[in-house]
Amino acid sequence: MSTELMRIGSISLIILCVFSALSGALVQGRFLGFKSISELDDSLVYLWPLPSSFNYGNDTISVDPDLSLEVGGSGGSSAIVSEAFQRCKEVMFKHSYRFSSLDSTRKGVYDINKIRIVVGSDNETLQLGVDESYSLYIAKENGRSIIGEATIEANTVYGALHGLETFSQLCAFDYGTKTVQIYKAPWYIEDEPRFVFRGLLLDTSRHYLPMNVIKQVIESMSYAKLNVLHWHIIDEESFPLEVPTYPNLWKGAYTKWERYTVEDAYEIVEFAKMRGINVMAEIDVPGHAESWGAGYPDLWPSPACREPLDVSKNFTFDVVSGILSDMRKIFPFELFHLGGDEVNTGLPMLVFWSKTESYHAKTTKPDHSINPGEWLDEHNMTTKDAYQYFVLRAQEIAIAKNWTPVNWEETFNTFKENLNPRTVVHNWLGSGVCPQAVAKGFRCIFSNQGVWYLDHLDIPWEGFYKSEPVEGISDASEQKLVLGGEVCMWGETADASDIQQTIWPRAAAAAERLWSRREATSSENLSMTVLPRLEYFRCLLNRRGVPAAPVKNKYARKPPTGYGSCYDQ
């Protein structure tokens with residue numbers, strides 16, 4: 001090859017390399033730019049959710065990988081505290097544990113050698129409104145400070161859990177020194193949640209979720225200080241839960257392998273309790289219940305009408321009562337969700353209930369001797385009346401078992417004057433329902449589908465973050481009736497393969513809205529004050545093994561479009 005050709009080839013190669021580099025930069029939305037963790041805004045506090053009040057300094061202190069636990073108070077010796085401490089250490093010292101066994105020279109003097117946790121009460125009852133507040137103090141002994149350790153003080157073990165989570169988020173592994181460090185010390189944090197109900201709905205009817213996946217979701221909920229798992233176990237598509245009183249019900253499961261035993265349900269409840277999370281179970285009646293009839297066809301009004309459940313049979317309410325009796329032994333949380341949504345009381349229901357021949361016309365059971373339409377006529381009811389009758393009777397059964405009923409908002413919208421006053425109204429159809437409900441004296445849970453439905457993949461993180469559960473409610477006493485809110489992970493298009501990246505990090509945006517003070521989260525410039533913190537929390541989730549999707553992803557579940565830092569995607 002001639003010298004001239006070699007020169008032209010070299011120039012071409014240079015041009016190609018430059019073009020390639022420019023293309024890569026453009027794909028990333030940057031022009032030969034680079035953003036690293038060192039460029040994070042140091043004026044922001046990278047804790048999620050943001051604590052109620054805090055002060056910090058400018059020291060950097062080290063934490064001993066052999067960090068010890070010292071407890072005090074009536075509840076300090078609880079297994080809930082000690083097990084949480086061990087989980088906290090596993091998260092914080094995954095690097096340090098590895099190196100400590102390889103290089104003994106790394107052992108040295110650390111600023112923080114122990115964490116002291118003082119819990120005032122030994123009552124471990126986990127219920128709505130349990131005290132979740134805590135105080136966290138972190139400083140090193142320097143002659144001026146009386147504190148030479150990390151101290152968490154809480155009235156209950158559940159406040160202590162939140163204090164440990166905050167402590168773990170303050171700890172960061174330094175790759176240069178290969179030590180865990182806390183920046184901006186000393187820290188003084190006083191913290192408590194804004195709302196008592198901070199929930200996530202998980203749907204295991206549309207797609208079965210294995211036990212380990214449910215546990216992974218619960219674990220990740222604790223990182224964002226969510227405190228209620230709304231377990232939508234059953235729906236029209238499948239009935240995966242074992243009910244000993246009516247053992248044929250789980251014939252409605254998709255397969256014999258996609259089921260939850262009573263022991264499984266106990267295990268989920270206990271696993272959640274150890275992380276300060278209540279489990280609110282749901283059976284959705286009278287609609288969304290076709291799967292019930294796979295084991296007990298008598299629950300269907302007719303072969304052509306498989307839902308809503310047959311209101312004309314006492315057997316229907318015997319089954320509802322049996323389910324609730326069995327579930328009461330498993331789920332101690334005082335709230336129980338009875339559904340009540342999407343019951344069409346119009347022409348289709350009237351045709352099925354009133355015009356079809358009774359499926360059980362020839363049975364010997366007295367309550368099966370007439371069809372639902374005849375029953376309606378005998379009781380001088382419309383289908384709308386029958387819908388109300390069913391919901392109210394189911395509520396009475398739940399209340400008799402010492403449960404507070406939760407119902408989707410259609411029950412309030414249709415017959416608010418007759419709902420049991422203990423009812424908690426669960427909003428989902430849109431805005432405006434919570435203001436109406438609390439004005440009538442009902443408590444309310446906010447889950448507006450336009451902003452807090454995780455299966456709506458086109459809702460960006462800002463939509464979750466900006467939503468306000470008490471919007472439209474100015475009266476302070478009425479605001480207190482809003483228990484909080486819940487993000488909903490409906491399962492039609494999600495299963496074990498993609499559930500976590502669909503939930504996170506958007507659920508975290510709602511979690512901060514539910515935990516942190518309203519005035520601290522109402523900034524107009526979210527891209528400067530909130531986005532960097534949420535990106536940091538997403539990366540923290542990734543480091544902890546949670547496959548949270550990129551924050552600025554237009555649709556959930558999509559991977560990054562090219563190379564780049566976790567903190568800028």
Side-chain angles (χ1 to χ4, degrees), residues 21-41 44-50 91 94 169 172-173 200 202 213 216-217 219-226 450-467 487-491 493-516 521 523 525-569:
L22 289 174
S23 298
L26 290 173
V27 166
Q28 292 296 307
R30 303 187 297 269
F31 188 80
L32 293 179
F34 179 74
K35 184 177 181 179
S36 68
I37 183 62
S38 62
E39 296 177 20
L40 290 180
D41 187 345
L44 299 177
V45 171
Y46 293 91
L47 292 173
W48 199 279
L50 201 65
V91 165
K94 59 176 62 178
Q169 290 189 24
F173 184 72
L200 167 67
L202 206 58
V213 173
Q216 288 166 10
V217 172
E219 191 77 63
S220 59
M221 288 173 64
S222 71
Y223 301 152
K225 296 186 172 69
L226 293 174
V451 289
W452 275 13
Y453 266 32
L454 292 159
D455 58 309
H456 292 195
L457 305 182
D458 57 340
I459 303 175
W461 73 269
E462 296 96 330
F464 285 84
Y465 196 85
K466 292 178 182 178
S467 300
V487 289
C488 299
M489 185 62 258
W490 295 104
T493 60
D495 67 3
S497 68
D498 58 5
I499 190 82
Q500 286 280 58
Q501 57 262 53
T502 312
I503 293 173
W504 306 106
R506 293 181 302 158
E512 180 157 283
R513 172 65 54 201
L514 291 167
W515 178 278
S516 306
T521 57
S523 170
N525 193 352
L526 298 182
S527 63
M528 296 295 291
T529 60
V530 179
L531 178 59
R533 296 177 46 251
L534 183 56
E535 288 177 326
Y536 187 93
F537 183 70
R538 179 255 173 169
C539 297
L540 179 144
L541 291 175
N542 287 172
R543 291 196 302 272
R544 294 185 180 186
V546 181
V551 176
K552 289 181 288 190
N553 182 2
K554 185 175 181 181
Y555 292 97
R557 307 175 183 169
K558 286 186 178 179
T561 55
Y563 68 84
S565 167
C566 174
Y567 303 91
D568 184 32
Q569 294 184 18

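Side-chain atoms are counted along with the backbone in the values below, which use heavy atoms only and exclude waters and symmetry mates. If you're wondering where the values come from, they're calculated on a predicted model, not measured in any experiment.
Considering every non-hydrogen atom in both Val451 and Gly463, the closest pair reads CB-O, 3.7 Å. The shortest heavy-atom contact between Pro49 and Ala224 is CD-O, 3.6 Å. The minimum heavy-atom distance between Pro532 and Tyr46, with the atom names listed, is O-CE2, 3.7 Å. Considering every non-hydrogen atom in both Ala508 and Leu534, the closest pair reads CB-CD1, 4.1 Å. Between Leu44 and Thr529 the shortest heavy-atom distance is CD2-O, 4.0 Å. The nearest pair of heavy atoms linking Arg506 to His456 is NH1-O, 3.1 Å.
Side-chain contact between Lys558 and Pro550: absent, with no pair of heavy atoms (C-beta onward) separated by less than 4.5 Å. Two residues are said to be in side-chain contact when any heavy atoms from C-beta on lie closer than 4.5 Å; Leu457 and Thr502 meet this criterion. Looking only at side-chain heavy atoms (C-beta outward), Phe173 and Arg543 stay at 4.5 Å or farther from each other.
In this structure a side-chain-to-backbone donor-acceptor pair under 3.5 Å is present from Asn542 to Val546.
For the atom pair OH of Tyr223 and CG of Leu540, the computed distance is 8.5 Å after rounding to the nearest 0.5 Å. Here the straight-line distance linking atom CG of Leu531 with atom CD of Glu462 works out to 7.5 Å at 0.5 Å rounding. In this structure, Tyr453 OH and Asp458 CG are separated by 14.5 Å, a value rounded to the nearest 0.5 Å. Note: Trp461 CH2 to Leu526 CG = 4.5 Å, rounded to the nearest 0.5 Å. Note: Leu50 CG to Trp515 CH2 = 11.5 Å, rounded to the nearest 0.5 Å. Rounding to the nearest 0.5 Å gives a distance of 10.0 Å between CD1 of Ile503 and CG of Leu226.
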- Task: Might you work through the side chain to side chain contact (heavy atoms under 4.5 Å, CB included) test for Leu454 and Phe464, ending with a clear yes or no?
- Result: CA-CA 9 Å; Leu454 292 159; Phe464 285 84; 3.7 Å; yes
- Item | Arg544/Glu219 under salt bridge (charged side-chain N to carboxylate O under 4.0 Å, His left out): CA gap, chis, key distance, verdict | CA-CA 10 Å; Arg544 294 185 180 186; Glu219 191 77 63; over 6 Å; no
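For residues 532-569, the pairs satisfying disulfide (SG to SG under 2.5 Å) are Cys539-Cys566, with sequence neighbours left out.
Every residue meeting the salt bridge (charged side-chain N to carboxylate O under 4.0 Å, His left out) condition with Asp498, not counting sequence neighbours, appears here in chain and number order: Arg557.
For the residue pair Glu512 and Tyr465, a side-chain donor N or O sits within less than 3.5 Å of a side-chain acceptor on the partner.
Between Phe537 and Trp48, the two ring planes are parallel [angle under 30°; tilted spans 30° to 60°].
Of the charged side-chain nitrogens involved, none lies within less than 4.0 Å of a carboxylate oxygen, so that Asp41 and Arg533 do not count as a salt-bridged pair.
For Lys552, the NZ atom counts as densely surrounded, since its 6.0 Å shell holds more than 12 non-hydrogen atoms of other residues, nucleotides or ligands.
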